[in-house]
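Below, all heavy atoms of this structure are taken into account, side chains as well, without hydrogens, waters or symmetry copies. Numbers for residues simply follow the sequence, beginning at 1.
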Amino acid sequence: MSKQCDLKLNEPVLSSRVVPRWQRKELEKSKSSRPNSKSNSNNASFSSQSNVSSTFGESFSGPAESRKTPCKLPSLTLNMPYKTTNLDGTPKKKLSSSLKNQNKVGTPKKLSKSREGKRSTHTTPSCDRFIPPRSGNNFENSGFELLNDEDESKDSPTTRRYKDGMKQNLNIGHQPKILNMKNKAPVPAMNLLNAQSKVLFAQSGGQVNRKASARAIPQTAWRVLDAPDVNNDYYLNLLDWSVTNYLCVALNTSVFLWNAGSGDIMELTEHSSQVASVRWSPIVPEIVAIGDYNNKVCLWNIEKQSLVRVMSGHTDRVSSLAWNEYILSSGSRSGQIFHHDVRVSEHHVATLVGHDLEVCGLAYSKDGKYLASGANDNKVMVWADRETTPLHTLIEHSAAVKALAWCPTSKNLLASGGGTQDRQICFWNAAHGTLQHTVDTGSQVSSILWSKNTKELVTGHGYSQNQLTVWKYPTMTRLAELTGHQDRVLQLAMSPDGSTVVSLGADEALRLWKIFDCETEKKTKRSDKSRSTSSKLSMNCR
């Protein structure tokens, strides 16, 4: 056996079967240059490899027991080919050429274009991993929903409503951020019973348009007067300003006068009952009419400080008064309106029946042709002169109507304001009884005053801002929001020159505001402007 092995090893078979590296390269080049002979060369190489394997199989064939130790042939083991079978006799998988090239030491060969394209499809991108934003995710709520195994389909309708209400109050499933300053206040529900709370949940006052007004409106009152024991009743009219610059205010059972020119204060009378309304006579400036809780109307002369006459006939308190020359109209809580001619002994000349509840607002047009009345039955009625039936019944408001004002420049234009449930200003054409447009103010409207010199108006409001609002007509843009009262504004009055507005608040305070320009100031400004232009022209002529 050893001799046979020596013979086999000494033969020059290995030298002829092992192909040097430079010959393999030459063979590869010849194969690429001759594509037609590719199959023949492959067959030749395959046959040579099979001969080599058969030779080595013959040289190492034989039983394993006869070989205790393997032969030490270092030169042979370096050139031995890989076994094509495993120990159990199954064929081995051939290694790919790419893996063989990776095992070689040295610079690896460049891949062909086809392999580069194939590998580029499987390569991973060089960028980092993607991290999604988590600002809009609510992990707490998501975790609760995953762990919640309750079947809500089996809940009763009462339980479902309870859960829905709790989710809405706790803001579950709607907004991940509780404190979100970008959203506006929620619109109040219309089925709320408490009117005051409904207004508190509403949005704040509208934005003031500073560009709409070229002049600066002072934001604070220039003077504040005390008004102790004022009756906090929306339906009463406790304030009026005379053409002789006297301010009259009713405080419980007393009536006080304040001279705006000198600043003197005088108590006119101490009534036997509470005072419900006051109104100055436009043609006899020293006469003031006072309506009380005793269902009477009294006329007082402030110069003599004496009672002129007492007119009765109402069955309930007299809460509103209006003058039309010598005719004094009075509205009562019974819903009736009386016309009194103060020149004759039989003063009661007519009765107007139309309202069902208390008449809290009365106003004559500038020419005296129409009388507007507002009441607690949410109606506005327009009465023609000396007529006992209403000409028009306006039912746009949804609350008591106390604020009434006629436009000084348009004789048929009437503005009316509603109470807490309504909160809007309506503009009417009194001649035809048609609604022109409405404005939602956001709070109770207690009084409306038109400017005597400009196309503007001011309104007094109650809950919840207790402010005075200056409007530009007809665009109805807000020019100013004047705050300062701690409680609702009960009534407004204007000075004779039209520059100052006084507000009576339920916080027992009278605040005077410089809002409008008076006519005398406008005339002086115009004269100064004309003088400046004439002086400039004269300078240019020189």
How far apart are the closest heavy atoms of E508 and V230, and which atoms are they? CG-CG1, 3.9 Å

Distance-only polar pair, side chains of S451 and N453, donor-acceptor under 3.5 Å: no

Heavy atoms of K296 and V318 approach each other most closely as O-CG2, 4.0 Å

Are the side chain of S446 and the backbone N or O of G460 linked by a donor-acceptor pair below 3.5 Å? yes

Under 3.5 Å donor-acceptor, N295 side chain and R317 backbone: yes

Do any pairs count as a salt bridge (charged side-chain N to carboxylate O under 4.0 Å, His left out) and have a residue in residues 244-266, sequence neighbours left out, and if so which ones? none

Ignoring hydrogens, what is the shortest heavy-atom contact between Y370 and V382? Give both atom names and the distance. CD2-CG1, 3.9 Å

In the structure I gave you, are the side-chain heavy atoms of L321 and W280 within less than 4.5 Å of one another anywhere? no

Is a side-chain N or O of S332 found less than 3.5 angstrom from the main chain of D316, in a donor-acceptor match? yes

Regarding Q444 and T420, do their side chains bring together a donor and an acceptor under 3.5 Å, going by distance alone? yes

Salt bridge (Lys or Arg N to Asp or Glu O under 4.0 Å) between D385 and K369: does it pass, once the steps are laid out? CA-CA 5 Å; D385 188 20; K369 185 178 179 180; over 6 Å; no

CA sep, side-chain torsions, deciding dist, call: V458, E456, side-chain contact (heavy atoms from CB on, under 4.5 Å): CA-CA 7 Å; V458 59; E456 297 173 358; over 6 Å; no

Any luck finding a side-chain donor-acceptor pair between Q424 and D422 under 3.5 Å? yes

Without swapping roles, check the side chain of R478 against the backbone of V470 for a donor-acceptor pair under 3.5 Å. no

Are K402 and Y234 in a cation-pi contact, defined as NZ or CZ under 6.0 Å from the six-membered ring centre and within 45° of the axis? yes

Would you say CD of Q486 has more than 12 non-hydrogen atoms from neighbouring residues, nucleotides or ligands within 6.0 angstrom? no

Would you compute the distance between atom NZ of K304 and atom CG of L307 and round it to the nearest 0.5 angstrom? 12.5 Å

Only one of W323, Y364, W383 passes side chain to side chain donor-acceptor pair (under 3.5 Å) with S329, and that residue is Y364

Mark yes or no for whether H392, through its side chain, and A431, through its backbone, hold a donor-acceptor pair below 3.5 Å. yes

Using only heavy-atom distances, determine whether the side chains of H314 and S334 contain a donor-acceptor pair under 3.5 Å. no

Looking only at side-chain N and O atoms, does D292 offer a donor or acceptor that is under 3.5 Å from a partner on H271? yes

Could you walk me through whether T459 and W471 pass side-chain hydrogen bond (donor to acceptor under 3.5 Å, both in side chains), step by step? CA-CA 8 Å; T459 55; W471 307 83; 2.9 Å; yes

Going through the distances and angles, do I425 and T438 end up as a side-chain contact (heavy atoms from CB on, under 4.5 Å)? CA-CA 6 Å; I425 303 173; T438 62; over 6 Å; no

Looking only at heavy atoms, what is the nearest atom pair of V308 and W300, with distance? CG2-C, 4.2 Å

Checking side-chain polar atoms at under 3.5 Å, does H348 have a donor or acceptor matched by the opposite partner on T351? yes

For L504 against L510, the heavy-atom pair lying closest together: CD1-CD2, 3.7 Å

N252 side chain near V275 side chain, heavy-atom distance below 4.5 Å: no

Can you see whether Y326 engages D341 through a side-chain donor-acceptor pair at a distance of less than 3.5 angstrom? no

So with a 6.0 Å cut-off around CD of E267, is the heavy-atom count from everything else above 12? yes

Positive for side chain to side chain contact (heavy atoms under 4.5 Å, CB included) with V297, one of S277, S312, S330: S330

Over 12 non-hydrogen atoms of neighbours within 6.0 angstrom of NZ in K514: yes

For residues S242 and T244, is any side-chain donor paired with an opposing acceptor at under 3.5 Å? yes

Candidate pair L352 and Q336, rule side-chain contact (heavy atoms from CB on, under 4.5 Å), full reasoning: CA-CA 6 Å; L352 309 183; Q336 294 179 337; over 6 Å; no

Under 3.5 Å: donor-acceptor pair, side chain of S281, backbone of P285: no

Greater than 12 external heavy atoms within 6.0 Å of H432's NE2: no

Run H347 and S345 through side-chain hydrogen bond (donor to acceptor under 3.5 Å, both in side chains) and show every step you take. CA-CA 5 Å; H347 57 85; S345 58; over 6 Å; no

Quick check against the 3.5 Å criterion: does N237 have a side-chain atom that pairs as donor or acceptor with the backbone of C360? yes

Where do L512 and L225 land on the side-chain contact (heavy atoms from CB on, under 4.5 Å) test, with the steps shown first? CA-CA 8 Å; L512 286 87; L225 303 175; 4.2 Å; yes

On the ring face of W406, is K366 found with NZ or CZ under 6.0 Å from the centre and within 45° of the axis? no

Are there over 12 heavy-atom neighbours, none belonging to I283, within less than 6.0 Å of that residue's CD1? yes

Measuring from F338:CZ to I327:CD1, what's the distance to the nearest 0.5 Å? 14.5 Å

Distance-only donor-acceptor check, side chains W428 and T434, under 3.5 Å: no

When you measure from the side chain of Q491 to the backbone N and O of L238, does any donor-acceptor pair fall under 3.5 Å? yes

How far does CG of L449 sit from CG of L457, to the nearest 0.5 angstrom? 9.0 Å

Is it true that, when you exclude E270 itself, more than 12 heavy atoms of the residues, nucleotides or ligands shown sit nearer than 6.0 Å to its CD? yes

So, do V380 and L414 sit near enough that their side-chain heavy atoms are less than 4.5 Å apart? yes

Keeping the roles fixed (side chain from N245, backbone from A260), state whether a donor-acceptor pair exists under 3.5 Å. no

Can you tell if the side chain of P282 reaches within under 4.5 Å of the side chain of V243, non-hydrogen atoms only? no

For the residue pair I448 and A405, what are the closest heavy atoms and their distance? O-CB, 3.5 Å

Going by heavy atoms in the side chains, are L239 and L247 under 4.5 Å from each other? yes

Are T483 and H485 close enough that a side-chain donor and a side-chain acceptor fall under 3.5 Å? no

Side chains of H339 and T388: does their closest heavy-atom pair fall under 4.5 Å? no

Return yes if some donor-acceptor pair links the side-chain N/O of N259 with the main-chain N/O of Y246 below 3.5 Å, else return no. no

So, do N466 and H461 sit near enough that their side-chain heavy atoms are less than 4.5 Å apart? no

Going through the checks in order, is the side-chain hydrogen bond (donor to acceptor under 3.5 Å, both in side chains) test met by S306 and N301? CA-CA 5 Å; S306 61; N301 189 322; 5.4 Å; no

Quick one, C426 and L435 - any side-chain contact, counting heavy atoms below 4.5 Å? yes

